[in-house]
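In what follows, residues are counted from 1 in the order of the sequence shown. Counting convention: from 1, in listed order, for ligands and their atoms alike. Bear in mind the structure is a predicted one, so any value in this text is a computation, not a measurement.
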Amino acid sequence: MRKTHIASLLTVCLIAVSSFAKAQVVTIPVETQHNALVLQTDAQKNLKMVYFGAKLGDAKEYGQIQKMYKPNDDSGILDDAYTPSGSTNLAEPAITVTHADGNKSLELLYVSHTVTKVDDNVSLLTVTLKDPAYPFEVKLYYKTFYKEDVTEQWSVITHNEKGSVTLNKFASANLNFKADGFWLKQYHGNWATEMKPEESKLTHGIKTIDSKLGTRANLYEPSTFMISMDKPATEDEGKVLLGSLEWSGNFRVDFELSPDPSNYLRLIAGINNAAAEYHLKPNEDFATPALVYTYSDHGTGDASRKMHSWARKYKIVDGEGSRLTLLNNWESTYFDFNEPKLAQLFKDTKKLGVDMFLLDDGWFGNNHPRNGDNAGLGDWQENKLKLPNGISSLMKEAKANDVKFGIWIEPEMVNPASDLYKAHPDWVIKEANRPEKYFRNQLVLDLSNPKVQDFVFGVVDNLFTKNPDLAYIKWDCNAVIYNAHSSYLKKDQSHLYTDYVRGLYKVLDRVRAKYPKVPLMLCSGGGGRVDYGALKYFTEYWPSDNTDPLERVFIQWEYSYFFPAIASSNHVTDWGKQPIKFKIDVAMMGKMGFDIVVGKLNEQELAYCHEALKNYDALKDVIWHGDQYRLQSPWVNDVASLMYVNDAKSKAVVFNYLVNNRYGSGTKTPIRFKGLDPQKKYSVKEINLYPGTTSVLEGNLVYKGDFLMNVGINPEVSSSHTSIVIQVDAVQ
Ligand code: DGJ
């Protein structure tokens, strides 16, 4: 049976009010397990978003909500579900257009809606809006994941005018919230300083978070955010919305606290329209990327667990599957390696006891050998001096050592010092009339061009075709877009930022169609590209090049609000002065890897690695697939504490890290666990003991879940025990 046929069979509700003349009020509740978003038409058929929050017991009462508010809004569309511009709206619009005849006014009125049940858990609401004066239409999509309380929202724009319509602004989602004050938690950063949080009360006017970097769009600011309502939410209390745009390019999220006395918060999120107006031909669809969001009135912990469950089940590739532990050579060799060195690294991989060796940057380029970051990008042939026998012989060598083999690529980029640049200058994003400006000595290839898409796909495809046992790819992206000009797009230069990302997704679609499950790491000179638009194609992401474990406690902590542990690549490296135990314990709160010189480990350190890897193997199912609870924040405590609990509540692991080096820092009181079964009895034991040390906890501790959650355990973290890992097992 064809998919469309199945979908139409599953369509459970279709309401069509096709004439603009009738003005019957239509109320559309979009419900998930605990929450509701309610849309409602007014007498003029404007579609408004009249409610967002906890689901009401009696769905009929949703229709009564709007009359409780008396907005001082003459336009009547301040709380529009998708605010047009150029007609009566005077607030920040979700959409602005220039019609084919040059007119700039737009009105969008409700026409019909359908609800399609995709499966038991997933529904898709589609609302059609039309302009009464122009053949111009917007469809709003709300895809709900009932159990997870998650919604993906986007829009599709189309028209049938007598020529192209220019889309000057084209948001994915326009949401309205009502509360006694709103607090925005947003992030900023740079290389090695990703995910620095800031929380502030929103004041009247517009607050915008955005990116105009093109690629590496998150380098300074990601599109992930949190909004607390009524008061700042804590881990376990308060109303909070987590959101993130599923887009790997320029984005813009506006938070407008309206001047109206009812203090609506209008949220408008989508592709950044800066220098990006789009010329849409008649009968073409313009689909915006989805904004994903979840809401909880039980704090950030509950909200992020919902986001994690959704991401594992529905978004990240193989999110409910397994991951490979690995040894990476970036920091141990940089560009300086050859076959004998790698042969030793394969042995080290085996000796360390991880699944795979990952060969990083530097393996390619002949006329322009990749011996530094100034040459070779684009020339994806093995460097004959370093690797005279090619990748295939490395694969054999890896196999002989009983380890898998993975490789680094950065296929979207080119160094001017490369054969590719010389052969295809028109494939490069640059302004012919201006001096070239490089970021890490490189330029970005023009992925809006289908030939470039073929080339980039070919880089991946050739690797897999020639080396079918290739187990993993790390996909890097180190430059932003300067001089945004495409030789391919000719007169449509303003399409470049959008078509670049669409081109990237087309390549990744092809990669995934041919190689559905192979693990891919999303890397962008650290965490310059961590978003759910890309993670649809990747199994994991690289949070930051900063692997100092103390810094990583904070960085991983903040990512953990939005992204599940299974996707967080945490490597043990030489960054930071902490002992190997601290480094490994921090890397364990996610997908663990190493980037160290194994030969430099002393006997005890190596023994500790083995012990920790054994424990990780036993606990990885809990860490990757379990529920995460942040117990104690590193920002306001001497010790950061977080735990993972499996679904059956029969196994858990608690990580505790000292994050303050002042005299006497440590845990003075018990830390209360979360997520356990209050009635179950649990054994509590310290694991990851460094050779020659004994546990800080008394032996044979057994407590009931309610004790552990109401009283807790002091993990005795101090300057002499800087990280303590506790395993919790249900016992009879
Ligand atoms: C930036 C990445 O973040 C690093 O891990 C490493 O792969 C380098 N690029 C290689 O050039």
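- Within 4.0 Å of ligand 1, the residues that place a heavy atom are Trp330, Asp360, Asp361, Trp408, Arg440, Lys474, Asp476, Asn478, Cys523, Gly525, Gly526, Trp542, Asp545, listed by chain and number.
- Judged purely by distance below 3.5 Å, without hydrogens or angles, the side chains of Glu412 and Trp475 pair a donor atom with an acceptor atom.
- With hydrogens and angles ignored, the 3.5 Å screen pairs no side-chain donor or acceptor of Asp476 with any backbone N or O of Glu410.
- Ring geometry, Trp624 versus Tyr616: the interplanar angle exceeds 60°, so the pair is classed perpendicular (tilted spans 30 to 60°).
- Counting only N and O atoms by type, the side chains of Lys386 and Asn371 include a donor and acceptor under 3.5 Å apart.
- Among residues at least two apart or in separate chains, ring-ring contact (aromatic ring centres under 6.0 Å, His included) pairs with a member in residues 435-459 are Trp427-Phe455.
- Looking only at side-chain heavy atoms (C-beta outward), Val480 and Tyr220 stay at 4.5 Å or farther from each other.
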